[in-house]
Amino acid sequence: MAEPGGGSPVTVSDVQQLVRRKDEIEAQIKACYELLEGQKGVGMHEPLVDAEGFPRADIDLYQVRTARHNIICLQNDHKALMKQVEEALHKLHAREKEKHAKDEAEALAEAMSQNQSLPQAFAKVNAVSPGSPASISGLQVDDEIVEFGSVNVNNFQNLQNIATVVQHSEGRPLSVTVIRGGRRVHVGLTPKRWAGKGLLGCNIIPLQR
């Protein structure tokens, strides 16, 4: 077992083991006190000699002396063990606190790096017709478009840019990248004629920059 103060980190089972040892010592101390109680109620400090200075004949002197000695030793052990339990619990709590802080820091760093790595969107899908090429490709309402074929935030001027790409890509898959729920999602969209209007079947609006 990793002793508190040693090199190994303290675990919950270490603390449980220390507490078990503490309970054992307390039981041994109780047994010694019961033994003294059985010897005419002799405690830790009553004299073991009679009024004339002779060893008392009404008690087992050896048992009393042994019990008293054991109690002193056990109480010292108990005191040391309680200190160990306290230190172990302190280390355990400190480590849990440290782990919690580390987990929080990592989650924050991950969220920040995700936000930083997400490209800027220039348009947004605000309607998708059922059964349309856009719907079949998996495009969804509220998807924010960061790439639509060759169009991206750097060269997008107006929706005509997207319309031109769509007209030139009829029947050919277009690579479309959107931000959905804080994540980047790639969609393969093939503009083509269908039962409804246009080649896509979705409505796209520019995002205010």
Check whether more than 12 heavy atoms from other residues, nucleotides or ligands sit under 6.0 Å from atom NE2 of His186, and answer yes or no. yes
Determine whether a donor-acceptor pair (N or O, by modelled atom type, separation under 3.5 Å) exists between the side chain of Asn161 and the backbone of Asn158. yes
Spatial distance of atom CG (Leu189) from atom OG (Ser135) [nearest 0.5 Å]: 11.0 Å
Between Met44 and Ile72, is any pair of side-chain heavy atoms under 4.5 Å apart? yes
Can you tell if the side chain of Leu159 reaches within under 4.5 Å of the side chain of Ile204, non-hydrogen atoms only? yes
Worked verdict on Ile71 versus Tyr33 for side-chain contact (heavy atoms from CB on, under 4.5 Å): CA-CA 8 Å; Ile71 286 171; Tyr33 271 116; 3.8 Å; yes
How would you list, by chain and number, every residue that makes a salt bridge (charged side-chain N to carboxylate O under 4.0 Å, His left out) with Arg56, sequence neighbours excluded? Asp58
By the definition side-chain contact (heavy atoms from CB on, under 4.5 Å), identify the one residue from Val153, Val185, Ile179 that meets it with Val146. Ile179
With no hydrogens and no angle check, is any side-chain donor or acceptor of Arg172 less than 3.5 Å from a backbone partner on His168? yes
Check against salt bridge (Lys or Arg N to Asp or Glu O under 4.0 Å), Lys91 and Glu87: CA-CA 6 Å; Lys91 284 187 181 181; Glu87 281 176 12; 5.6 Å; no
Straight-line distance of Ile59 CD1 to Leu36 CG, nearest 0.5 Å: 9.0 Å
Is there side-chain contact between Asp23 and Val19, with at least one heavy-atom pair below 4.5 Å? yes
Check Arg20 with Glu24, please: is the shortest side-chain N to carboxylate O separation under 4.0 Å? no
Would Glu26 and Lys22 count as a salt bridge (Lys or Arg N to Asp or Glu O under 4.0 Å) if you check the C-alpha gap in whole Å, the side-chain angles of each, and the deciding distance to 0.1 Å? CA-CA 6 Å; Glu26 285 172 358; Lys22 174 189 81 75; 3.2 Å; yes
Arg68 side-chain N/O to Gly43 backbone N/O, donor-acceptor pair under 3.5 Å: yes
Is the shortest side-chain N to carboxylate O distance from Lys124 to Asp143 below 4.0 Å? no
Quick one: CG on Asn126 to SG on Cys202, what's the gap to the nearest 0.5 Å? 9.0 Å
Within-4.5 Å side-chain heavy-atom neighbours: Val128 and Gln140: no
Close side-chain approach of Ile162 to Phe122, heavy-atom, < 4.5 Å: yes
Does a sphere of radius 6.0 Å around NZ in Lys192 hold more than 12 heavy atoms from other residues, nucleotides or ligands, not counting ones at 6.0 Å or beyond? no
Rounded to the nearest 0.5 Å, what separates atom CG in Leu81 from atom CG in Asn76? 12.5 Å
With Ser13 as partner, the option from Val15, Val10, Thr11 fulfilling side-chain contact (heavy atoms from CB on, under 4.5 Å) is Thr11
For a side-chain contact (heavy atoms from CB on, under 4.5 Å) check, start with the C-alpha distance between Glu147 and Val176, then their side-chain angles and the critical distance, and finish with the verdict. CA-CA 5 Å; Glu147 279 177 0; Val176 178; over 6 Å; no
Report the C-alpha separation of Val178 and Phe148 in whole Å, then their side-chain angles, then the decisive distance to 0.1 Å, and conclude whether the side-chain contact (heavy atoms from CB on, under 4.5 Å) test is met. CA-CA 9 Å; Val178 300; Phe148 194 101; over 6 Å; no
With sequence neighbours excluded, give me every side-chain hydrogen bond (donor to acceptor under 3.5 Å, both in side chains) pair touching residues 36-52. Gln39-Gln63
Could you tell me whether the side chain of Ser132 and the main chain of Gly201 form a donor-acceptor pair under 3.5 Å? yes
I need the minimum non-hydrogen distance between Leu61 and Pro55, along with the two atoms involved. CD1-CB, 3.3 Å
Go through the steps for Leu48 and Arg65 under the test side-chain contact (heavy atoms from CB on, under 4.5 Å), then give the verdict. CA-CA 9 Å; Leu48 301 184; Arg65 286 201 181 100; 3.9 Å; yes
